[in-house]
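These numbers were taken from a predicted model, which means no experiment stands behind them. Counting starts at 1 for both ligands and their atoms, in listed order.
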Amino acid sequence: MSAQPENIRRNTVPQIAKRKGGDPIVSLTSYHAHTAAIVDKYADFILVGDSLGMVMHGMDSTVGVPLDLMIMHGKAVVRGTKKALIVVDMPFGSYEESPNMAFRNAAKIMKETGCGAVKLEGGARMAETIKFLVERGIPVMAHIGLTPQSSHVMGGFKTQGRDEDTWAAHIKDAHAVTDAGAFSVVLEGMVEPLASKITKEIAIPTIGIGASADCDGQILVLEDMLGMNPWTPKFVKVYGQLGPMIEDSVKRYAAEVKDRSFPSEDEVYR
Ligand code: KIV
């Protein structure tokens with residue numbers, strides 16, 4: 001008997017972990033069933049990132065994102081997809097206090113969304129929690145370098161590792177999450193040679209975002225690469241300009257309503 005419904009064949013955590021040093025891992029964020037269905041055709045895993053607080057809900061950081069919102073968007077993305085491994089972010093305040101608290105909330109996310117793994121921010125300081133979760137059946141993707149949930153401590157969204165004296169701490173974080181059992185680690189906003197060095201040193205796949213082309217895979221926030229956000233980080237390559245397309249469509253619709261050229265029922269439903 002298969003653990004998955006017949007039409008659903010998702011990538012598994014061990015399959016992603018085995019891609020270390022191999023075929024590059026493709027991933028994007030998604031928060032919405034129908035866009036996730038498109039992404040699912042090309043992505044090895046999809047992250048329901050807590051960036052949704054900023055991208056979907058207009059928050060100025062990810063700090064205010066509640067657990068229930070992650071679960072709601074996680075369910076939508078699981079419903080919309082069949083192939084990609086779905087990873088859901090643990091939001092700020094849902095895991096840092098203790099391994100027990102992290103387990104309770106990670107289990108809630110996995111049970112209620114049907115996702116295959118969770119992601120949490122932090123390196124050496126979260127190693128004990130990562131080990132605790134993995135030993136109890138919860139696959140964990142770690143996230144080091146620029147960790148947006150700590151932006152208040154870091155003084156904003158700043159590229160990490162510009163000063164070579166700080167590299168040792170990031171390298172220590174990468175080894176700590178690997179030794180704790182994380183199956184993969186996101187390297188965000190990290191100078192290229194440091195991300196490249198970490199990728200060569202550790203045994204689990206690194207997923208870069210504003211890091212290095214040498215990483216074992218890459219991730220981008222979907223709306224950033226589609227040109228839909230008013231503010232897009234400098235490192236993002238924009239592959240489509242959906243923001244201006246949406247505006248143009250809304251403008252044409254508004255003009256048709258105003259000048260009464262908007263089609264009547266018999267023209268639309270022929
Ligand atoms: O929340 C998110 O979208 C993320 C990615 C930027 C990796 O954590």
Side-chain angles (χ1 to χ4, degrees), residues 16 24-32 35-36 39 43-67 69-74 76-77 84-96 105-106 109 113 115 117-123 126 130 139-152 154 156-160 170 173-174 177 182-190 195 198-199 204-212 215-226 228-229 231-238:
I16 299 291
I25 299 166
V26 178
S27 61
L28 281 164
T29 63
S30 232
Y31 321 121
H32 164 266
T35 46
V39 173
D44 297 302
F45 77 85
I46 294 177
L47 173 69
V48 184
D50 63 351
S51 51
L52 64 81
M54 300 168 79
V55 174
M56 300 283 294
H57 296 275
M59 298 176 179
D60 59 8
S61 82
T62 56
V63 171
V65 174
L67 184 64
L69 198 60
M70 295 308 303
I71 290 175
M72 191 181 80
H73 286 282
V77 170
L85 171 73
I86 308 301
V87 182
V88 176
D89 251 342
M90 298 198 70
F92 180 67
S94 71
Y95 61 94
E96 301 88 335
N105 287 326
I109 291 174
T113 65
C115 71
V118 297
K119 175 167 84 56
L120 54 80
E121 296 183 7
M126 291 314 302
I130 293 171
V140 179
M141 178 176 285
H143 181 158
I144 63 171
L146 195 177
T147 46
Q149 292 175 11
S150 314
S151 62
H152 291 296
M154 291 176 153
F157 296 87
K158 295 197 173 130
T159 301
Q160 302 295 297
H170 295 293
D173 280 342
V177 300
F183 71 94
S184 172
V185 58
V186 170
L187 307 182
E188 177 167 1
M190 189 180 271
I198 288 175
T199 300
I204 57 174
T206 58
I207 309 296
I209 173 162
S212 169
C215 289
D216 299 294
Q218 302 292 332
I219 188 163
L220 284 177
V221 170
L222 181 67
E223 284 75 0
D224 283 346
M225 60 92 92
L226 293 179
M228 285 178 74
N229 283 337
W231 176 82
T232 300
K234 273 201 287 247
F235 62 80
V236 173
K237 178 171 173 191
V238 177

- Query: So, does Glu121 sit close enough to ligand 1 that a heavy atom of it is under 4.0 Å from the ligand?
  - Reply: no

Interfacing atoms of ligand 1 (cut-off 4.0 Å, heavy-atom, [X]):
| X | result |
| --- | --- |
| Ile209 | 6 (C) |
| Ser51 | 1 (O), 2 (C), 3 (O) |
| Gly49 | 1 (O), 2 (C), 3 (O) |
| His143 | 8 (O) |
| Thr29 | 3 (O) |

- Task: Return the residue, atom name and 0.1 Å-rounded distance of the protein heavy atom closest to atom 8 (O) of ligand 1.
- Result: Lys119 NZ, 2.9 Å

Ignoring hydrogens and geometry, is there a side-chain-to-backbone donor-acceptor pair from [X] to [Y] under 3.5 Å?
| X | Y | result |
| --- | --- | --- |
| Tyr95 | Glu121 | yes |
| Thr29 | Leu222 | yes |
| Ser184 | Pro205 | yes |

- Any side-chain heavy-atom pair of Glu223 and Ser51 under 4.5 Å: no

- Could you pull out the closest heavy-atom pair between Ile130 and Ala142, with the gap in Å? CD1-CB, 4.2 Å

- Nearest heavy atoms of Ser27 and Ile207, plus distance in Å: OG-CG2, 3.8 Å

- Note on the structure: Heavy-atom proximity to atom 4 (C) of ligand 1 ranks first, among Ile219, Leu47, Val65, for Leu47

- For the residue pair Phe157 and Trp231, does the interplanar ring angle fall in the parallel (under 30°), tilted (30 to 60°) or perpendicular (over 60°) class? tilted

- Task: Would you check whether Asp50 has a nitrogen or oxygen atom less than 3.5 angstrom from a nitrogen or oxygen atom of ligand 1?
- Result: yes

- Below 3.5 angstrom, do we get any N/O pair linking Asp89 and ligand 1? yes

